[in-house]
Engineer: 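To start, I am sharing the structure in question, which I have written as structure tokens.
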Amino acid sequence: MSDIVESTGPAEGGSRPGDGADHLDHVRPRGVAGTAGRGSTGGRWGTARGPRPRHLSWSGLGLAVPGIALTAVSPTVLPAPGWVCFLAFAAGLAVAYAGVARLCRGAFGGSFDLMFWLCLVWLVVLVLAALLAPVLPLGEYRDIAKTIEAPAMAPPALFSEHPLGTNNFGLDLLARIVYGARASLLVSIGAVAIGMVVGGAIGILAGFFRRLTDTVVGVFTNSLLAVPPLILLIALGTVLEPNLRNIAIALSLLALPSMIRMARAGTLTFAQREFVLAAKAMGASRWRVMVRELLPNVLLPLASYGMVIVSVLIVAEASLSFLGLGIQPPDPSWGNMIAEGEGNAFQDHPHIVLVPGVTLFLTVFAFNLIGEKARKRWDPRQAKL
Amino acid sequence: MSQSPLPADTRPPAGDPAPLLVVDDLRTEIHTRRGDMKAVDGVSLTLNAGETLGIVGESGSGKSVLGRTIMGLYTTGATMTVSGRVLMDGTDIHALTDAGRRELWGSDVGMVFQDPMSALNPVKKIGLHLTESLRRHGGLSRAAARARAEELLRLVGIPEPGRRLGQYPHELSGGMRQRVVIAMALANGPKLLIADEPTTALDVTVQKQILDLLGRLQAELGMAIILVSHNLQVVAGRANRVAVMYAGRIVELADADALFAAPRHPYTEALLSAVPRLHHPPHSRLEAIDGSPPDMVAPPQGCRFAPRCRYAGDDCRQVSPRLLSEAGGDAARAFACHHPVRPVNAGGS
């Protein structure tokens, strides 16, 4: 993500030479904070070194305002063909991002990671919306009988009754996205939770007892990995009734092998450390050693890996629903919403596919980025101890 | 091949009727792919309450395995076989159930490990390390355990103990961590402390501090210590008696002063002469013991030190010498050698 900032930096420096000092101002604290490694400590460095510790970055403001304006104006007002509008929109986004990143670094210190916070905000908003869906003033998402009056295939219009448009039955897409998030997030996070608890427990047992337990678990893990995931899901879909619980259980099978392997590998390395022997020498039973000594050490990398796996499972759930094996319409899920664009719908009304598609993309991106960040921080291979 | 138990006359003076620890013909075999490795091969010794026994030997001589087997951390299982008896206050540690041994560990017997970096769990705070065992064995309440933990940290010389309880191991230096490990071992007032190379991972100035600390704690708390080390200086002056181990056996057992003054076993003599001295002339060659320790899967017949021994005769390669004390000599002293080194001051043997 720093690539984006860097690549826009020189272009901006050329266009506004008067802000050279300002530009340098940002480069130094960012470099220092890069070695410090933590977002929170970076701010202190910035305030300690910079002559103007917390300031309004004029170059940032100069970029942000026209960028946001371009982004807002391009899709609707600009009198140009579609692809020009799209390019203008993308350029506006990039410029606005660079500007806001600058503003934030000026305001919160040199190592402020805008992308991380954007991802976090997106996930928080998504989760809150999904939780509070019934009390939010949303349109109809499920009952076709109530939308006979509503326009079908209405294009997105921010300040209308249907901000993200409607589908072919006139159901509100924003409402369907929010209710679809309930299904997608519940299923994928539930599946990761099941995978983490079951896989973590099996992995720790296998790594701790070795011998027969390990062999049996190894055969089980390898056979799970040997079955192509989509085939496995389709096979399960024919047997199980497609409700949230069963889909979560089916998807957890995808997370299970890697969770078992990670927990087992972690247990193997930590079980050889002297603190395990020390715990035994202090009179700890085997269960106590596993729960109190090994589990906390194994859990951190497992949890951060879980964040990454959530994004894989969101896509897997969407694929299942797209194939008609997951959440059944009219109940919305991002996967079956994308499937509504089958046939000619996508050519004539691209928003039918784009709205759930972009939502899916942003969510997966956010989970991945935050998961990566968590993994980097808690990966045992990077830890000094 | 077999080594007889230590004869009665080599045991410490009979003023103390029941020694704290009696180890009788202890054997630990580790099953490997190549065969059974005899890590500890017939070790017998006794230890009185409040006494310090040093166990020295080179790497791979079975010191650490002996320490852990005495403690009962290694028991007969799939990967190893343990035989012999270890009587702690009259209870055979190896005859106990797992639960019974766990009761013993951390209360009557404490252990200090070699590497304080890995002997503490990186994700647990110092306080939890200490209070867990206090609450389990001592049955203390949360507040009482915390107060006792603070007291323990003060006892091992850690400044600001209250603040340390809330810190993680990586926030402490190596010496501080080893003090914490010692405090953990002391938590429930053990009668026996097994210190397995407690200073090997520390730098020299900290080594002395830790050893002095162990000595002070022993004087205050009156526990017995088994001090395992490959470093003769660590043991010298701190142990009452010293056992020299070679290839899984004790080759010489004597009072520390007597042993360092006049070694009787050739291996002990060679070890002592391999120590660099300040009064040696500069650039003089350091004495080394030729050869390498025997393969413990298939140890040589007879005396195991014979291939490297300059006094070895034919009998040494045939018959394994037993750990005996000399007729008419010092009763507290025993060695396993057919051709012992003559003491410098005494007439002959």
Side-chain angles (χ1 to χ4, degrees), chain A residues 37-38 41 200 204 206-216 262-263 265-305 374-375 377-385, chain B residues 64 67-68 71-75 77-79 98-125 128-138 168-172 177 180-182 184-188 190 193-194 196-197 201:
Chain A
R38 279 192 189 182
T41 58
I204 290 179
F208 189 79
F209 288 112
R210 311 290 303 275
R211 320 200 133 260
L212 187 66
T213 323
D214 199 12
T215 315
V216 171
M262 278 196 81
T267 307
L268 284 182
T269 48
F270 284 111
Q272 308 211 335
R273 300 276 283 268
E274 240 166 17
F275 67 79
V276 171
L277 195 64
K280 272 192 211 160
M282 299 290 291
S285 63
R286 287 193 291 197
W287 294 107
R288 200 178 177 84
V289 167
M290 277 189 272
V291 175
R292 299 301 290 267
E293 305 293 329
L294 294 172
L295 182 65
N297 279 297
V298 171
L299 199 63
L300 276 183
L302 217 59
S304 39
Y305 181 65
R375 198 183 60 76
R377 205 162 151 184
W378 288 318
D379 195 328
R381 278 166 295 187
Q382 315 230 340
K384 290 204 177 66
L385 253 176
Chain B
S64 291
R68 287 169 192 190
M71 197 163 175
L73 275 176
Y74 295 160
T75 50
T79 52
D98 282 356
R101 251 197 308 275
R102 282 203 298 273
E103 278 309 309
L104 198 72
W105 291 337
S107 54
D108 280 356
V109 193
M111 190 150 191
V112 176
F113 291 88
Q114 176 171 350
D115 185 4
M117 308 292 160
S118 69
L120 297 173
N121 191 337
V123 298
K124 268 166 60 180
K125 287 181 180 171
L128 191 57
H129 278 98
L130 290 161
T131 52
E132 258 190 343
S133 131
L134 284 170
R135 298 185 65 188
R136 204 185 104 75
H137 291 290
Y168 286 97
H170 71 266
E171 297 176 73
L172 270 59
R177 273 184 247 178
V180 172
V181 173
I182 292 174
M184 280 167 68
L186 294 178
N188 293 297
L193 186 71
I194 299 179
D196 184 4
E197 306 245 10

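What's counted below: heavy atoms across the whole structure, side chains too, no hydrogens, waters or symmetry copies. Order of the sequence lines fixes the chain letters, A, B, ..., with proteins taken first and strands second; residue numbering starts at 1 for each chain. None of these values were measured; they are calculated from a predicted model.
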Engineer: Using side-chain contact (heavy atoms from CB on, under 4.5 Å) as the criterion, list what pairs up with A:Arg292, not counting sequence neighbours.
Structural biologist: A:Arg288, B:Leu128, B:Glu132
Engineer: What heavy-atom pair brings B:Phe113 and A:Leu277 nearest, and what distance separates the two atoms?
Structural biologist: CE2-CD2, 3.5 Å
Engineer: Out of B:His129, B:Lys124, B:Met111, which one racks up the most heavy-atom pairs below 4.5 Å with chain A?
Structural biologist: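 The residue among B:His129, B:Lys124, B:Met111 with the greatest pair count is B:Lys124.
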Engineer: If you take all heavy atoms of B:Ala119 and A:Ala278, which pair is closest and at what distance?
Structural biologist: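 Shortest heavy-atom contact: O-CB, 3.8 Å.
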Engineer: Answer yes or no: is there an ion pair linking B:Arg177 with A:Glu274, defined by an N-O contact shorter than 4.0 Å?
Structural biologist: no
Engineer: With no hydrogens and no angle check, is any side-chain donor or acceptor of B:Asn121 less than 3.5 Å from a backbone partner on A:Phe275?
Structural biologist: no
Engineer: Testing A:Val298, A:Leu299, A:Asn297 one by one against B:Val123 for a side-chain contact (heavy atoms from CB on, under 4.5 Å), which residue passes?
Structural biologist: A:Asn297
Engineer: Taking only residues two or more places apart in sequence, or in another chain, which ones meet B:Asp108 in a side chain to side chain donor-acceptor pair (under 3.5 Å)?
Structural biologist: none
Engineer: Pick one of side chain, backbone, both or neither for B:Glu103, based on which atoms fall under 4.5 Å of a heavy atom in chain A.
Structural biologist: neither
